[in-house]
Trainee: 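First the structure, then my questions, so here it is.
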Amino acid sequence: MMAGAEKFVEADNAEAIITRIEHKSRKIESLLKQNKPVEALKTALEGSSHMIRDERCKSANWIVVHRALMAIKDVEGMFSSLDPEYYDILMKYLYRGLSTGDRPTCDQCLRIHEKLTERAGLGCILRSLADTVNTI
């Protein structure tokens, strides 16, 4: 086993991870129905799958994060209640969203990216792009 590889979740745990993501998805939908999009985004980002190698799990988690990202209407307001601990993982998901090529997703990701960069600085971008091990 490679050094550090033990930190990654292997595919044999994938079903348990998918179950947790499904539970997270239900919680996010509930928060969105209560008009709490920032809480939904926090929930989506918590325990994100950047330590998971299984692509099914990464895709399932992206769907959940995407749902929460697209529900954000007030980007400025989002940052008034989003803790800085979420900035780096959010930046990674913004780049994943931009990579989809989907116009509404890209537009939303660019709006959030602009404000996130203002708030978190260029270091957030560099950490996100330089981390090629913990991909989402």
Side-chain angles (χ1 to χ4, degrees):
M1 184 184 295
M2 291 181 0
E6 67 277 356
K7 294 191 309 189
F8 289 97
V9 179
E10 298 303 324
D12 56 347
N13 292 330
E15 295 308 316
I17 294 164
I18 295 287
T19 300
R20 283 199 307 268
I21 293 169
E22 289 169 350
H23 180 265
K24 186 192 297 191
S25 178
R26 286 189 295 276
K27 186 175 179 183
I28 288 165
E29 289 301 324
S30 174
L31 288 166
L32 292 175
K33 286 177 185 168
Q34 297 170 47
N35 200 26
K36 297 179 178 178
V38 177
E39 289 302 314
L41 182 60
K42 287 180 186 178
T43 300
L45 295 174
E46 287 169 0
S48 285
S49 63
H50 68 279
M51 297 299 281
I52 297 171
R53 296 218 182 229
D54 188 277
E55 289 301 321
R56 295 173 302 155
C57 296
K58 288 181 181 187
S59 293
N61 209 62
W62 160 244
I63 290 167
V64 170
V65 172
H66 179 260
R67 176 73 177 100
L69 275 175
M70 296 305 286
I72 299 291
K73 303 290 182 234
D74 178 12
V75 176
E76 285 284 339
M78 174 188 80
F79 283 109
S80 67
S81 58
L82 188 68
D83 299 324
E85 68 186 83
Y86 294 103
Y87 290 176
D88 284 5
I89 191 72
L90 175 58
M91 186 65 79
K92 285 185 173 200
Y93 277 109
L94 293 178
Y95 285 121
R96 174 142 187 185
L98 290 169
S99 75
T100 66
D102 175 63
R103 182 66 183 259
T105 300
C106 290
D107 288 349
Q108 178 74 336
C109 288
L110 285 172
R111 274 192 295 276
I112 296 171
H113 186 278
E114 177 186 15
K115 298 302 178 188
L116 178 56
T117 303
E118 286 174 10
R119 196 158 282 239
L122 296 177
C124 186
I125 294 172
L126 293 173
R127 286 186 299 276
S128 175
L129 295 177
D131 186 0
T132 58
V133 175
N134 300 313
T135 60
I136 55 157

Trainee: Taking the side chain as every heavy atom from C-beta outward, state whether T117 and I125 have any pair of such atoms under 4.5 Å apart.
Mentor: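 Yes, close enough: below the 4.5 Å cut-off.
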Trainee: As an exercise, state the distance from CZ of R96 to OG of S128, rounded to the nearest 0.5 Å.
Mentor: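 Reported to 0.5 Å precision, the distance equals 12.5 Å.
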Trainee: Mind running salt bridge (charged side-chain N to carboxylate O under 4.0 Å, His left out) on K27 and E39 for me, showing each step along the way?
Mentor: CA-CA 10 Å; K27 186 175 179 183; E39 289 302 314; over 6 Å; no
Trainee: Quick one: do L110 and L82 end up in the same hydrophobic cluster if we chain Ile, Leu, Val, Met, Phe, Trp and Tyr together by side-chain heavy atoms under 4.5 Å apart?
Mentor: yes
Trainee: Are I17 and I63 joined in one hydrophobic group, where the rule is that I, L, V, M, F, W and Y side chains link up if heavy atoms are under 4.5 Å apart?
Mentor: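 No, I17 does not connect to I63 through the hydrophobic network.
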Trainee: Determine whether I112 and L126 fall in the same hydrophobic cluster, where Ile, Leu, Val, Met, Phe, Trp and Tyr are linked whenever their side-chain heavy atoms lie under 4.5 Å apart.
Mentor: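 No; L126 is not reachable from I112 via cluster members.
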Trainee: Working to the nearest 0.5 Å, report the span between CZ of R20 and SG of C57.
Mentor: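 Taking CZ in R20 and SG in C57, the distance rounds to 8.5 Å.
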Trainee: Applying the side-chain contact (heavy atoms from CB on, under 4.5 Å) test to K92, which of V65, N134, T135 qualifies?
Mentor: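 Exactly one option meets the side-chain contact (heavy atoms from CB on, under 4.5 Å) with K92, and it is N134.
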Trainee: Same cluster for I72 and W62 if Ile/Leu/Val/Met/Phe/Trp/Tyr side chains link at under 4.5 Å?
Mentor: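 Result: yes, single cluster for both.
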Trainee: Run the salt-bridge test on R103 and D107 with the 4.0 Å N-O cut-off and return the result as yes or no.
Mentor: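 So R103 pairs with D107 through a salt bridge.
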Trainee: Measuring from L122:CG to R127:CZ, what's the distance to the nearest 0.5 Å?
Mentor: 10.0 Å
Trainee: Could you report the tightest heavy-atom contact between A14 and R56, atom names first, then the distance?
Mentor: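 Closest approach of A14 to R56, heavy atoms only: CB-NH2, 3.1 Å.
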Trainee: If the condition is ring pair (Phe, Tyr, Trp, His ring centres under 6.0 Å), which residues does Y86 pass it with, not counting sequence neighbours?
Mentor: none
Trainee: Identify which one of V64, L45, T105, L94 satisfies the side-chain contact (heavy atoms from CB on, under 4.5 Å) criterion when paired with L69.
Mentor: L94
Trainee: Not counting sequence neighbours, which residues clear salt bridge (Lys or Arg N to Asp or Glu O under 4.0 Å) with E46? List them please.
Mentor: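 Residues passing salt bridge (Lys or Arg N to Asp or Glu O under 4.0 Å) with E46: none at all.
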Trainee: Check K42 with E85, please: is the shortest side-chain N to carboxylate O separation under 4.0 Å?
Mentor: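 Answer for the salt bridge query: no.
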Trainee: Could you list the residues that satisfy salt bridge (Lys or Arg N to Asp or Glu O under 4.0 Å) with D102, not counting sequence neighbours?
Mentor: none
Trainee: Kindly indicate whether the side chain of H23, heavy atoms from C-beta on, has any atom under 4.5 Å from the side chain of T19.
Mentor: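 A side-chain contact under 4.5 Å is absent here.
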Trainee: Is R111 reaching over with its side chain to a backbone N or O of V75, donor-acceptor style, under 3.5 angstrom?
Mentor: no
Trainee: Do Q34 and S30 meet the criterion of a side-chain donor-acceptor pair at a distance under 3.5 Å?
Mentor: yes
Trainee: Indicate the atoms forming the closest heavy-atom contact of L32 with P37, along with that distance.
Mentor: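 Shortest heavy-atom contact: CD2-CA, 3.8 Å.
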Trainee: Hey, does V38 have a side-chain heavy atom less than 4.5 Å from the side chain of D74?
Mentor: no
Trainee: Once rounded to the nearest 0.5 Å, what's the spacing between atom CG of L98 and atom SG of C106?
Mentor: 5.0 Å
Trainee: Answer yes if L90 and L31 sit in the same cluster of Ile, Leu, Val, Met, Phe, Trp and Tyr residues linked by side chain heavy atoms under 4.5 Å apart, and no otherwise.
Mentor: no
Trainee: Which pair of non-hydrogen atoms, one from K24 and one from A44, has the smallest distance, and what is that distance?
Mentor: NZ-O, 3.2 Å
Trainee: Indicate the atoms forming the closest heavy-atom contact of C109 with G97, along with that distance.
Mentor: SG-CA, 3.8 Å
Trainee: Report the distance from atom CG of N13 to atom CG of D54, rounding to the nearest 0.5 Å.
Mentor: 9.5 Å
Trainee: Given M91, which of Y95, Y93, Y87 fulfils the side-chain contact (heavy atoms from CB on, under 4.5 Å) condition?
Mentor: Y95
Trainee: Measuring only between side-chain heavy atoms, which start at C-beta, is R67 closer than 4.5 Å to S25?
Mentor: no
Trainee: Check this for me, if you would: do K58 and E55 make a salt bridge, where the nitrogen-to-carboxylate-oxygen distance has to be below 4.0 angstrom?
Mentor: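 The answer is yes: the pair qualifies as a salt bridge.
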